[in-house]
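Source: prediction; values computed, not measured.
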Amino acid sequence: MGVAAEPGQKGINWSNIAVVLVTTLGQPLEVLKTQMAANRSQTMWQACRTVWSRGGVTGFYQGLIPWAWIEASTKGAVLIFTASEVESASLSAGINPGLAGLLGGMTGGVAQAYATMGFTTCMKTAEITRAKTAATGVKPPSTWAVFGDIYRREGLAGVNKGVNAVAVRQCTNWGCRMGFARLAEDSIRKIRGKGENEKLGAFDKIIASSIGGALATWNQPIEVIRVEMQSMAKSTANANRPAKLTILNTLGFIYKENGIKGLYRGVTPRIGLGIWQTICMVSLADYVKVWSVD
C-alpha cells in the first residue's frame with residue numbers, strides 16, 4: 001500500500017520504506033524489547049541470550065514473516081498519509097510546528113492502530129513469546145496454526161487482543177515523536193541562527209528525530225501493558241494474573257508483581273527502536289516528500 005501521487009508528484013511507496021525499516025534494525029529491537037517486557041525479571045543480557053537460544057541471529061527476527069511485513073507494508077502508508085495531511089492542515093491554520101507535529105502524529109498513530117495493527121501486533125507478540133516451547137523438545141505449531149487456534153477460540157476479539165492499548169501507544173508514540181522532533185528542529189534553527197522556513201541539514205534532522213524518538217519512550221508502561229495483554233508466555237503461569245485482561249487491571253497486576261521498574265522493562269531497546277523509526281518516518285520522510293515534488 002503506497003500513497004497515491006498527486007498530479008506533478010512522483011509516486012512514493014511508503015510500504016516498501018516501512019518494510020525496509022522493520023527488516024533492518026526494527027524487528028531485532030522489537031523482539032528484544034518484547035522479550036524484556038514479557039519477562040520482567042530478565043536483564044538485557046539475559047534477554048539477548050534467551051533470544052539467541054532460539055536460533056541465533058534468526059531468533060531476533062521472530063514474527064518478521066509474515067506479521068511484521070504485513071504490519072509494516074500497511075501501517076507506514078497509513079501513518080505518513082494521515083499525519084502529513086493533518087500536519088499540513090494545522091500549519092496552514094497557523095498552528096506552530098511542534099503542536100502541528102503532535103496533532104499529526106497522534107491522528108496518524110490512532111489511524112494505523114485501528115486500521116492495520118491490531119491483529120499483526122497481537123500475532124507478532126504471540127510468535128515471540130510462544131517460541132520458547134521449542135526449547136522443551138516440543139515442536140511448536142506454525143504461526144498460521146497459532147493464528148487459527150486463537151481465532152477458533154476467541155474470534156476476531158482474540159486476534160485483536162490489546163488493540164486499545166496499541167492505539168494508546170501509537171497515539172502517544174507518534175504524537176510525541178513528531179511533536180518533539182519538530183520542536184527540536186525549531187530549537188536547532190534558533191541555535192544556528194536560521195529562519196523559520198530555512199531547511200536544516202541531514203545531520204541536524206537526524207539529531208532532531210533522535211531527540212523525538214528517545215523522549216517519546218516516556219510511555220513505556222503502555223507498551224509493557226500491551227505486551228502482557230498479548231503475551232502467550234504467562235497465560236496460566238501466575239495465579240494472580242487476571243483471567244480477562246483490560247488496560248487497568250493489567251497495569252495493576254504488573255505494578256503489584258514488579259513495581260514501577262516492571263513498567264519500564266525493555267525501555268532501553270525501545271529507545272533505540274524509537275530513534276530508528278523516527279529518523280526513517282520523520283527525517284527521511286521529509287526528504288522523500290520534497291523529492292517527490294521536485
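Annotation for A167 and V110: closest pair O-CG2, 4.3 Å, computed over non-hydrogen atoms. Nearest heavy atoms, N240 versus F253: O-CD1, 3.6 Å. For the residue pair Y61 and T24, the shortest heavy atom distance occurs at OH-O, 3.2 Å. A pairwise comparison of heavy atoms in S209 and A181 identifies CA-CB, 4.2 Å as the closest pair. Smallest separation of non-hydrogen atoms from A113 and V166: CB-CG1, 4.0 Å. Considering all non-hydrogen atoms of both residues, G212 and F180 come closest at CA-CB, 3.6 Å.
In the hydrophobic clustering, M106 connects to V86, I95, L99, L102, L103, either directly or through intervening members, whenever side-chain heavy atoms lie under 4.5 Å apart.
I275 pairs by the side chain to side chain contact (heavy atoms under 4.5 Å, CB included) definition with S210, A214, I271, I279, not counting sequence neighbours. For T58, there are no side chain to side chain donor-acceptor pair (under 3.5 Å) partners two or more places apart in sequence or in a different chain. Evaluation of the salt bridge (charged side-chain N to carboxylate O under 4.0 Å, His left out) rule for R169 yields E223 as partners, not counting sequence neighbours. Scanning for side chain to side chain donor-acceptor pair (under 3.5 Å) contacts around N96 gives an empty result, with sequence neighbours left out. With sequence neighbours left out, I225 forms a side chain to side chain contact (heavy atoms under 4.5 Å, CB included) with M229, I247, T250, L251, I254. Scored by the side chain to side chain donor-acceptor pair (under 3.5 Å) test, Q277 finds R177 as partners (sequence neighbours excluded). Looking at residues two or more places apart in sequence or on another chain, you find a side chain to side chain contact (heavy atoms under 4.5 Å, CB included) between P269 and L29, L32, K33, M36, M44. The side chain to side chain donor-acceptor pair (under 3.5 Å) check on T278 picks up nothing, with sequence neighbours excluded. In this structure K194 satisfies the side chain to side chain contact (heavy atoms under 4.5 Å, CB included) test together with R189, R192, E198, L200, sequence neighbours excluded.
A distance-only check finds a donor-acceptor pair linking the side chain of N39 to the backbone of Q35 [under 3.5 Å]. At distances below 3.5 Å, at least one donor-acceptor pair connects side-chain atoms of Q27 with backbone N or O atoms of Q62. With hydrogens and angles ignored, the 3.5 Å screen pairs a side-chain donor or acceptor of T43 with a backbone N or O of Q46. Between the R54 side chain and the V51 main chain, no donor and acceptor come within less than 3.5 Å of each other.
A 4.5 Å side-chain heavy-atom check between N258 and L263 finds every atom pair outside the cut-off. By the 4.5 Å heavy-atom criterion applied to side chains, Y264 and V224 are not counted as neighbours. Counting heavy atoms from C-beta outward, W174 and Q112 have side chains that approach closer than 4.5 Å. Contact annotation: the side chain of N173 approaches that of R270 to within less than 4.5 Å [non-hydrogen atoms, C-beta and beyond].
Under the 4.5 Å side-chain contact rule for hydrophobic residues, L215 and I206 do not share a cluster. Note on L183: it clusters hydrophobically with I207, by side-chain heavy-atom contacts below 4.5 Å among ILVMFWY residues.
Taken from NZ in K190 to CD1 in I188, the straight-line distance is 12.5 Å, to the nearest 0.5 Å. Within the model, atoms OG1 of T268 and CD of Q220 stand 9.0 Å from one another, a figure rounded to the nearest 0.5 Å. Interatomic distance, OG1 of T107 versus CE of M178, reported as 10.0 Å (0.5 Å rounding).
Using modelled atom types, one finds no donor on one side chain facing an acceptor on the other under 3.5 Å when comparing N164 with R226. With 3.5 Å as the limit, one finds no donor-acceptor pair spanning the side chains of W218 and T172.
Using a cutoff of 4.0 Å between basic side-chain nitrogens and carboxylate oxygens, E87 and R182 are scored as salt-bridged. Under 4.0 Å is where a charged nitrogen must lie from a carboxylate oxygen, and between R241 and E228 at least one such pair does.
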